[in-house]
Amino acid sequence: MTKQKKLRHLEYYDLQECFDDLYSKSQQGKIFTNLMSLISSEENIRLAYRNIKRNKGSFTAGVDGITIKDMEQLSVEKYVEIIQRKFLWYQPKPVRRKEIEKPNGGIRPLGIPTMTDRLVQQSILQVLEPICEAKFHERSNGFRPNRSAEQAVAQCYKMIQRSNLHFVVDVDIKGFFDNVNHSKLIRQMWDMGIRDKQLICIIKQMLKAPIVMPNGEKIYPTKGTPQGGILSPLLANIVLNELDWWISSQWENMPTHKKYCIGVNKNGSLNKSGIYQTLRKSNLKEMYIVRYADDFKIFCRKRKDADKIFTAVKKWLKDRLKLNISEEKSKVVNLKKHYSEFLGFKIKAVWKGGKFVVRSHMSDKAVKREMKKLKNQIKTIAHSKNKNETILQIKKYNSMVLGIHNYYRYATNVNLDCMKMQFSIYRVAHHQLRGQLKKKGFIQRNVILKNYGKSQMVRYMHQEPICPIGYVQTKHPMQKKRIICKYTKEGREEIHKSLKLDETAIIVLKMLAKEFIPKCSVEYMDNRVSLYAAQYGKCAVTNKVLWIDEVHCHHKKPKSKGGTDEYNNLVIVHTNVHKLIHAVKRITIQAYLEKIKPNKSQLDKINKLRMLAGNPVIAFSKNFENNTNLTNL
């Protein structure tokens, strides 16, 4: 499992225990009436900045023109004060409407809140998430921590291949995000135990925030949650959580007269085979839901059951959630005869080896969409103005290929789809890049070497490899272990066995997160914590773990020479190393060399930092008395 950045962030700001407590109480059915004190706390607001500061959307301005770059310049005190003041009397600024083209040719409306409203939403999300996670269904996979499309696809494969459920109800909700009923949503939050009246009022204000259309017209919504809002995915899951549990109550969680022993499988899932055998003797309809955001499927064993469930779900969505379905896109599919599309995949059950197994491909729309993007990128490479721009565009093309492979490799026949794309794209490449493609070259990047190093389809241009879209290997999608949860100690141990920080570094990390340095920007203070964690609490030069009074955050390019507080311009070093980097007098340099006693490798690192700071290098000598030989002095 990869590192979970946001999980680490909780630990930095000492909020993990607090959020664990919310999760535990929510599981027990407790009521929450005083959440605003935690939401508006300094630690939670600083955590909100850390969690969204590098989001792609953070660099997109709302109606006020402010982005994360503007917030970075503020001091920590000022930043916290602005957000806390916003909570006292919350009045959201208008949401900027932006329309983007959908793959099927339609228009997807995005709502872009202002930067301060996004930080407010993130602060609320962090506190609501553990409460809601305790209440959400196991097969709800979209916009949740430690879940992805991979788990949703794996659950579908299991239903088809292991449970032999070959009739699926495909339901497409018409304009889901635009048609969420506000009153129903608030009632659902209340039923989940979220009963802080001030918080409820703030969320109501968010939902009613005016929308500024591209033509300048301002509209006031009476329903829906804006796509693009940080809180919208969580609110969407709250709305459809009722559907998940209603479907489960019709079969999986149906009580039986006789009590059966429920076993636990190796992956932590519950074994209810005894209960299901009894239920199959009744007239109940067997059904299981798999959902990713507003896209969901209901798997059934019999066609007549699937037809009845389709009608029931359509009526239930209309009566309970005030939502309509798309009649053209919603249907019952026999997977033994037809493909069913889900999250860009098309899935079918085929007879093989005496049983039905899954056959899956990229959906036709996905193939067409990705091929068009790659062909356009090839044309961009061909029309680049110089060598540097060409290499930059090739790297972008490679990242696109990697992205396609990483997402669609869970299709059993993805290799056939990608080879089909390969022939088409290579025709364009050979036409556009006439004679510039070479068969021999050298791959420097490890990620490309690992994935494509053995392929004979790799081509080179200006010594830069071009990844072949046709070279891909299928990977079996894995379901999430039930124990995995960012809000329990056992679950976190499964996510990452160790932070690779010793006890001293963990203590210092928490102290750094709480420390204030007057007049320093919120970006500098936050990046200082990030760097200390990234360097595992060690000095970048001496590689020794630093205590709080030894930690110095050095600007590689000084601010006096135009340097910034950006992450890449900072490095954590020991205080003595920092003084040596900036020292110019021979006696001062000699004194700190005696204290540090650097070897040649360490002195090389110091000299690189000295040169960036505009200071002369120090010549290395095993005899420290001669080590004050400074070039250019």
Does [X] reach the side chain of [Y], with side-chain heavy atoms less than 4.5 Å apart?
| X | Y | result |
| --- | --- | --- |
| Val171 | Leu317 | yes |
| Lys318 | Lys314 | no |
| Ile194 | Cys132 | yes |
| Phe342 | Asp170 | no |

Is any side-chain N of the basic residue among [X] and [Y] closer than 4.0 Å to the acidic one's carboxylate O?
| X | Y | value |
| --- | --- | --- |
| Asp191 | Arg187 | no |
| Glu242 | Lys184 | yes |
| Glu217 | Arg97 | no |
| Glu150 | Arg409 | no |
| Glu129 | Lys486 | yes |
| Asp364 | Lys346 | yes |

Provide the closest heavy-atom pair for [X] versus [Y] in the form atom of the first, atom of the second, distance.
| X | Y | answer |
| --- | --- | --- |
| Leu110 | Gly228 | CD2-N, 4.4 Å |
| Val333 | Tyr339 | CG1-O, 3.8 Å |
| His137 | Ser248 | NE2-OG, 2.5 Å |
| Val401 | Leu374 | CG2-CD2, 4.0 Å |
| Thr116 | Ile83 | O-CD1, 4.2 Å |
| Asp178 | Lys223 | O-CG, 3.7 Å |

Problem - Proximity of Phe345 and Tyr407 rings by center, below 6.0 Å - result: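 Ring centroids of Phe345 and Tyr407 are less than 6.0 Å from each other.
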Problem - Row check, Phe356 ring normal vs Lys336 NZ/CZ: under 6.0 Å, within 45° - result: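 Ring-cation test returns yes.
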Handout entry: Expected output: side-chain Tyr157 to main-chain Tyr410 donor-acceptor under 3.5 Å
Key =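 Yes, Tyr157 side chain to Tyr410 backbone: donor-acceptor pair under 3.5 Å.
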Handout entry: Asp172 side chain vs Lys329 backbone, donor-acceptor pair below 3.5 Å
Key =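 No, the answer is negative, given that no donor and acceptor are paired below the 3.5 Å cut-off.
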Problem - Sole candidate of Lys86, Lys93, Arg96 that passes salt bridge (charged side-chain N to carboxylate O under 4.0 Å, His left out) when paired with Asp117 - result: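 For Asp117, the salt bridge (charged side-chain N to carboxylate O under 4.0 Å, His left out) check succeeds only for Lys86.
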Exercise for the section: Would you tell me whether Asn241 and Gln188 have side-chain atoms, one donor and one acceptor, within less than 3.5 Å of each other? Expected result: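 Gln188 and Asn241 do not have a side-chain donor-acceptor pair below 3.5 Å.
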Exercise for the section: Check whether the side chains of Gln27 and Ser24 place a donor and an acceptor atom closer than 3.5 Å, and report yes or no. Expected result: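 No.
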Exercise for the section: Verify side-chain contact (heavy atoms from CB on, under 4.5 Å) between Leu235 and Leu207, making sure each step is shown before the conclusion. Expected result: CA-CA 10 Å; Leu235 298 179; Leu207 295 171; 4.0 Å; yes
